[in-house]
Number of protein chains: 2
Amino acid sequence: MQIAEQAKTGAAAAGLTERQGAVLERALGLLVEGGERALTTAGVARAANCSKESLYKWFGDRDGLISAMITYQAGKVRTVEVDARALTTESLRKHLVAFAGDLIDVLSGDVSLALNRLAIGQASREGAGLGRLLQERGRRQIGKRAAALLEAGRKAKLLAFDTADEAYGTLYGLIVSDMHLRMLLGEDAAGLKKEFSPRAEKAVDAFLSLHGAKG
Amino acid sequence: MQIAEQAKTGAAAAGLTERQGAVLERALGLLVEGGERALTTAGVARAANCSKESLYKWFGDRDGLISAMITYQAGKVRTVEVDARALTTESLRKHLVAFAGDLIDVLSGDVSLALNRLAIGQASREGAGLGRLLQERGRRQIGKRAAALLEAGRKAKLLAFDTADEAYGTLYGLIVSDMHLRMLLGEDAAGLKKEFSPRAEKAVDAFLSLHGAKG
DNA sequence: TGCGTACCGTACCGTACGGTTCGGCATCTT
DNA sequence: AAGATGCCGAACCGTACGGTACGGTACGCA
C-alpha cells in the first residue's frame, strides 16, 4: 500500500486550523454516510459541534465548504516516486501491479466515491468547478505517478509507446474498465473491488504485452 | 451509426400515452439543460403544459417520474445483431470499430450523461435503485451486443478468450478509459469525444492484438 | 478589572420544493 | 340533457434548506 491516508496532515497541508480540519473530517463523514442530502450546513454544524456562523466565516459558502472538503481530502493522499535506475522487467511489472492495486484502492474508497458522486451531481449546473477541482487534486496526482513510472520504464528500454498520456490511458482502462462507474452508480464497492483486484495482474500483463519493448 | 434514437417509439415501447411520452421528453430536456435542480415537479408541469396532478397520477411520485424517464429513454436505443456466418478478420475488425464508435456516441450523449449524473447523485441514499435501473436498461443492452459480437468472433476462430464478459471488460476499458468519468465530471463532452474517437481504431487494434486468434 | 476576540447555540427569515386539494373546462357516454 | 371522466391552472400546506443575526460565554491581553 503505497498511497496512504494520513488524517492528521490534511489540515496543515491546506493551511487550515486543526479545528477546521476536524470540522471537514466530520463533514466528510456526513457525506459518506448520507450523501449530498445529508451535507447540510446545520447538519455539519451539529455534527462538528460548531456554529453555522463559524462555518460561513471559515468557508464563506456551502460551495466553499465542499471545495475545502475536496482539497482537504486530496491533501491526505501521498504518492511515492520510483527511481528510474535499476528497473528490470520483473521489478517494473511489480511496480505496475502495485500501482494497479493502489489505483483500485483509491477509486473504491468511501470518501473518494462520495466526493466523486457529489462533484458529478453538481457538474450540470455551475460549470464543472468542483469536477475540475477533483480532477486536478485527485486524479492528477496518481496520474503523475503513473507517468513517471511509465517514463522510467521507457528510459530503461522496457516499454515502448508514443506518449505517456496515451499509454497511461490504456493502462487505466485495462485496470479499471467500468468498475469505477458501477461503484458510483451504487453497486457494492467491496464486491466489485474483490472482483477487480485479481484482474489487476492480468491487466498489467495485457499492458506489457501491448507496450513491452522486448518480444 | 447502428444505435439510433427513435424519439417516437419510446413512449409506446414503455406502454405510455403519446402525451405522457411528450411530457417525459420535456422532462429530459429540463434535466439536460439544468441538471437535477431543474427537474422540479412544478417545472416539468410548466414546461410540458400539464398539471402536477396529472404528473402524480401518471407517475405516482417524483422518483416514479425519474424511473419513467430512464425506461423511456432506454426504449429509444435499439441495437443490431450481427450474423455469425461470414465473419472475416477484416469484417470483425470493422464491426468492432463500429461498435466502439457507437459506444462513444452513446456515452457522450447529452441525455445519457444527464441521466447518469442523476442516478449517481441519488446513489448514496436509496439503495442504488436508479443506478441498477440505468445499468439494466442502458448498459446491459449494448453489452449484449458486444457479447454477441465477441462470441461470433470466437465461433469463427478469430478471437480467443476465457469468458465473453471479461473480454468485453477489456474491450470497454481500451475504448473508454476514463473518458466517461471525465465527461460526467463536466469536462467538455464534444471535445473529449473528438479526442477519443480517433483512438477507437487503436483500441480495437490493441484488443485484437490481445485476443486475436491468429498470431 | 475591563475590553476585544473568537466561538457556540439558537432563533429567525426568505425561499423553494414535494405533494394535495379544488374550481373550472372540455370531451365523451348514456 | 345530464352526469362522468380527464385534465389544467392555481392556490395551498408542511417541511427543509441556505444564510444571517443575536445573546451568551470562555479566553487572552492591557
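Every chain is numbered from 1, with letters handed out A, B, ... down the list of sequences.
In this structure, the CG atom of Leu39(A) is 15 Å from the C1' atom of dA16(D), given to the nearest Å. Distance Arg37(B) CZ to dG18(C) C1': 14 Å, rounded to the nearest Å. A straight line from NZ of Lys57(A) to P of dA6(C) spans 6 Å, rounded to a whole angstrom. Summarising the geometry, the separation between NZ on Lys52(A) and P on dT10(C) is reported as 13 Å, rounded to the nearest angstrom. When rounded to the nearest whole Å, the span between OH of Tyr56(A) and P of dA21(D) equals 12 Å. Arg19(B) places its CZ atom 12 Å from the C1' atom of dG6(D), with the value rounded to the nearest Å. When rounded to the nearest whole Å, the span between CG of Asn49(B) and C1' of dC25(C) equals 16 Å. Across the protein-nucleic acid pair, Ile66(B) atom CD1 and dC17(C) atom P stand 14 Å apart, rounded to whole Å.
If you check every strand for non-hydrogen atoms under 4.0 Å, Arg46(A) touches nothing.
In terms of phosphate contacts, Trp58(B) brings no side-chain nitrogen or oxygen within less than 4.0 Å of OP1 or OP2 of dG6(D). For the OP1/OP2 pair of dC8(D) and a distance below 4.0 Å, the side-chain nitrogens and oxygens of Ser54(B) include at least one atom meeting the criterion. Close to dG18(C), at under 4.0 Å from its OP1 or OP2, lies a side-chain N or O of Thr41(B).
Electrostatic pairing of Lys202(A) and Glu166(B) counts as a salt bridge here, judged by a charged N lying under 4.0 Å from a carboxylate O.
Between Leu208(A) and Arg93(A), some side-chain heavy-atom pair lies under the 4.5 Å cut-off.
Taking only distance into account, the side chain of Glu53(A) never meets the base of dC7(C) through a donor-acceptor pair shorter than 3.5 Å.
Proximity of a side-chain donor or acceptor of Gln20(B) to a complementary backbone N or O of Thr17(B) within less than 3.5 Å is detected.
In this structure, Arg139(A) is positioned above the aromatic face of Tyr172(A), its NZ or CZ under 6.0 Å from the six-membered ring centre and within 45° of the axis.
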